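Shown next, in structure tokens, is the structure this report addresses.
Each chain gets a letter, A, B and so on, in the order its sequence line appears, and its residues count up from 1. Quick caveat: nothing in here was measured; it's all calculated off a predicted structure.
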Amino acid sequence: MNISEIDVITPRDVDECLNFLHLGEEMMILAGGTDAVVRMKEGKWRPKTWINIKHLHELRFIRKENNEIHIGPLTTHTDIVQSHFMQNHADVLVQAAREVGATQMQNMGTLGGNIQTASPAGDTIPALYVLGASIELRSQEGKRTIPIEEFYLGPGKTLKRHNEMITKIIIHPQEKNEIGIFEKLGPRKAQSISIVNMACSLHMSANRKCLGGKIAFGSVGPTIIRARKCEALLTMGELDIDMIENIAKVAWKEVMPITDVRASAEYRRDMASALLQRGLLRLMKRWDKR
Amino acid sequence: MTKHKDQQNYRLIGKRVPRIDGPEKVTGELKYMTDLHYENMVWGKVLRAKLPHAKIKTINTEKAKQLPGVLAVLTHEDIPGFNGFGIVIPDQPVLCDEVVRCTSDAVALVAAETEEIADIALTLIDVVYEELEVISDSEYAMTEKAPSLHPDGNIHSHVMIKNGNIERAFAEADYVFENTYYSPRQMHAFIETEGGWAVLGEDGKLTVQCPGQYSYRERMQIARALGWNPERIHVISSPVGGAFGGKDEITVQIYLALLALHTNGRPVKIHLKREESVQAGIKRHPFKVTVKTGATKDGRLIANQVRAVADTGAYASLGGAVIALAIEHSCGPYKIPNVDLEGFCVYTNNGVAGAFRGFGVNQVCVGIETHLDMLARELNIDPVEIRKKNVYHQGERSSIGHIVKSSVGTFKTLEVATNCDLWRNREKYKLEVSEPWKKRGVAMATSFHGIGMGIDIPDYGASTIELLSDGRFKVAVGCEEIGGGNSTVYAQVAAELLKVDIDQIVVVQGNTEETLDGGTVTASRSTYTGERAIAAASPHMINLLINTAAEMFTVPPDEIELDLNKLIIESKNKVSYREVFQYLNEKNKKTKVEGHFILPKEKEEIKHSGGAPHHLYGYLTHVVMVEVDTLTGETDVVRVVSIPDAGRVINLQGLEGQTEGGAIMGIGYTLYEDVLMEKGYHKTRNLTDYIIPTIRETPLIETFPVEEPEGGGPFGAKGIGEVVMIPIIPAITSAIYDAVGVRINHLPATPERIYQAMKKAKSNRVTSAR
């Protein structure tokens, strides 16, 4: 398919979009375009028709509902970064969104797009893991909600069927004693793809006693990896410098990265530990100040 | 021009003069040549070699030619003249006929109605190859076993310089340091990728508008391939969206010219996508440099042995000159009595390497500067002081054995380094780490860089000054504006010498019909040569103005005084330059003058050196502070002090532009940048994985110029363009050592390399632990 032959259609609402998706596999959704346009240029994504949903404003929202946060898939990274509500109740996702590409990418790129691209290095996904996110999918036949940890099958592969679209992301708001951090190691500070990234959200009690938490790594396996062994160790004792170092060392065993043009597998494994150590040190410094 | 000698009286020289091309660049009003669009335009595309080394068995273009919308498909058979290009030797085929030697090679050209049709047409060209052994290692290329890539073998050039008795000196030395250093394949990464336009006029004249670094030489290279009289070709090569040496060689000019002969007079455009620029564009030579340095216990360098091997890729371009300049500078600005230096420029199938800011000195400065840092630590001497002991002064003999007659500012730059805040208070600053697991280090290094061409190559400057109808002056200098700001320097110099305001000067550059051949914009030469060429032309213009006014008012010329923006006749009447023009125009007299000069050269070449020594050198000392994250190996350069001796500073703002841009490019070279290749293929494909510093990696950079004016020119300027990115390289690696105790000899010093080195150092310390 040549680019000049590709059509673009712009549905009026979600229902019309679902009708188009129902027509078949020659249609693909275009949201912010920060991945899609690059892949189109590379010749990888050349659908017969792009379904342009960038202006479906009904899918761009951040809402508190009951004890949940509902985020529309067209919410941009910048929307998340600038939301006071998110800063107070999903700090780890705000930090992750701030690390995506460059400002232009954050302005154009959407949370739904970052989820659907399913890159093992996607910056927002580990943060969504530790916030217990679920993905709402809709098709003409109805809707279903899938926990994010079940959503991913491998690099670029998800449970989403072709006639479905992401219509909502649901996360649990952080409680008062819950703090999170996103750590990214890239080849430079801005505009870079993660070599390794890590998200972590902890329930704390007095002093440095941790009541429990979640830790997820990106770019160290075919999908995001939850570090369940490290999580189990979080509650063993006060999170002092030695305890943090001990927990972080265990991360090395929980990941199985590859070697590529950006880094070796060996370095990535060490960096899983390093980022967890650095993240916990920074978190505890923040916790101590509260 | 003695009245200009006193700097205090200058209106413009040495001042902070804003760039004359600043507003149009900042607002985007300026159109680069690759921004232009013409009605009726045609797109050109280049088919690159699919394999890094292969025999071409057949090329079939029939299918591509039949595709609707295709105007022309060209192969080597369509080259009317000589099928080759290259600045020194034309060893690179314009379009390959028998063999491809790297994936930069071009095999066919297409012109089509749209860019997309041209792209599709490329896929329809059927080239049958027979794979040949790929040489991806320069040391292997030098062995008997390796197949020859060119008729004379794989060693394109071999240079050497020997002085004294190296063996005896090493035997007498109290300290000997020996290490091997590897340098990256740095990419110029200019914002404007290679591209341009060509059109065949109805008069049979070919116009090629293509950003370049030497319009006259580009015209000759095009003419050679076309078999045309060069006078029939008009090359416009300025302004340029960045070059840094990467547009010194032919980029797409010949492809454009060939296609323009087959598009029925329609203009044809080629503009490389970033991916093609990465694959096809020239890069900095990766070097392997083994350096052995001997010193006495009182801190004197007495011996230096260097063996440098440069990977020039498949073609020579300026590789021979790069290795020669590297060897000339491989001992630093010091007086080492015993030296044994040799360099090889070697062909491989790794793309093509050529000119790049620094021209080989970046790669070799690391060895000598690192060894000085080690020596200073061994002897517990201040690293600045140990350099002061070893530098040559004006009139002394350098390590390569010539008496340095031109100005030498190294010692002064070292004194400024000693006294700068960062160096004086370094122990205090090192404690101010941003997080407890980070460590800071401070280090310095010094280096130098030749200005102008080597001793073998003719080097000259030329300019014209024309009085325009509105009374302004058009100053035309061959050297292109490649972003360095030489246009502003030329305007300042002309305005100063002609005694007019700077807005009365119109600068024209890089255009074979508007400018004289004044050499290339390389070798840190364009300030020096342009300044002197304008200084050679301006007395002729002043004479023309004065004599004309004398004629107009029938007074003797000595009754006419040059005043600001005008002439004064017999101390009372004023005459404007518009009026002078009108008079000359009515009388059909010429309003344009020329100035020429030849660059001063040393008399004797150092045998086998390939062009050493230079007559002029610029000098620079860098002091840097880094902060290393011991958990990850990530390194920040947090502060830089740049202390150049560029002779008299013409424009302080322009100089800072160079010192700051150069420092950032040096940071990129040292910490981030490398085009990775494997078996002749590029693994780095575009700017996603080619990491250059952004504003977030840009530290505080302070510039303290010391001015050691050079006698030859009107104002005493030397050159600045390259040395600004050189000593920062070993300064950063030594600062990393100061911070965390590891030496990174394989650049770039990525977080992974630093981390692994720290890990190794740690495990070496606790070898008994399990």
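- Checked against ring-ring contact (aromatic ring centres under 6.0 Å, His included), A/Tyr267 has the following partners two or more places apart in sequence or in another chain: B/Tyr755.
- For A/Ile195, no part sits under 4.5 Å from any heavy atom of chain B, backbone or side chain.
- Within residues 101-119 of chain A, no residue has any heavy atom closer than 4.5 Å to a heavy atom of chain B.
- Under the 4.0 Å criterion applied to side-chain N and carboxylate O atoms, A/Asp123 and A/Lys184 are assigned as salt-bridge partners.
- Options B/Thr750, B/Ile695, B/Asp636 differ in how many heavy-atom pairs under 4.5 Å they form with chain A, and the most are formed by B/Asp636.
- When each of A/Ala248, A/Gly186, A/Ser273, A/Ala274 is scored by its heavy-atom pairs under 4.5 Å with chain B, the top score falls to A/Ala274.
- Heavy-atom distances place no part of B/Glu678 under 4.5 Å from chain A, backbone and side chain included.
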- Item | Test log, rule side-chain hydrogen bond (donor to acceptor under 3.5 Å, both in side chains), inputs B/Glu116 and B/Thr114 | CA-CA 5 Å; B/Glu116 190 174 51; B/Thr114 68; 5.3 Å; no

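- For A/Ser264, the parts sitting under 4.5 Å from any heavy atom of chain B are the backbone and the side chain alike.
- Between B/Glu115 and B/Lys269, no side-chain nitrogen of the basic residue sits less than 4.0 Å from a carboxylate oxygen of the acidic one, so the salt-bridge criterion is not met.
- The contact between B/Glu752 and chain A is made by backbone and side chain atoms together, counting heavy-atom distances below 4.5 Å.
- Heavy-atom neighbours of A/Trp252 CH2 from other residues, nucleotides or ligands within 6.0 Å: at or below the threshold of 12.
- A/Arg46 has no carboxylate O lying under 4.0 Å from a charged side-chain N of A/Glu26, or vice versa, which leaves the two without a salt bridge.
- A distance-only check finds a donor-acceptor pair linking the side chain of B/Gln279 to the backbone of B/Thr103 [under 3.5 Å].
- For B/Asp689 and B/Lys683, the salt-bridge test fails: no basic side-chain N is under 4.0 Å from an acidic carboxylate O.
- Contacts between B/Asp629 and chain A at a heavy-atom distance below 4.5 Å involve the side chain alone, from C-beta outward.
- B/Tyr182 and B/His746 have their aromatic ring centers within a separation under 6.0 angstrom.
- Heavy-atom contacts from other residues, nucleotides or ligands closer than 6.0 Å to CG of B/Leu676 number more than 12.
- Neither the backbone nor the side chain of B/Leu671 has a heavy atom closer than 4.5 Å to any heavy atom of chain A.
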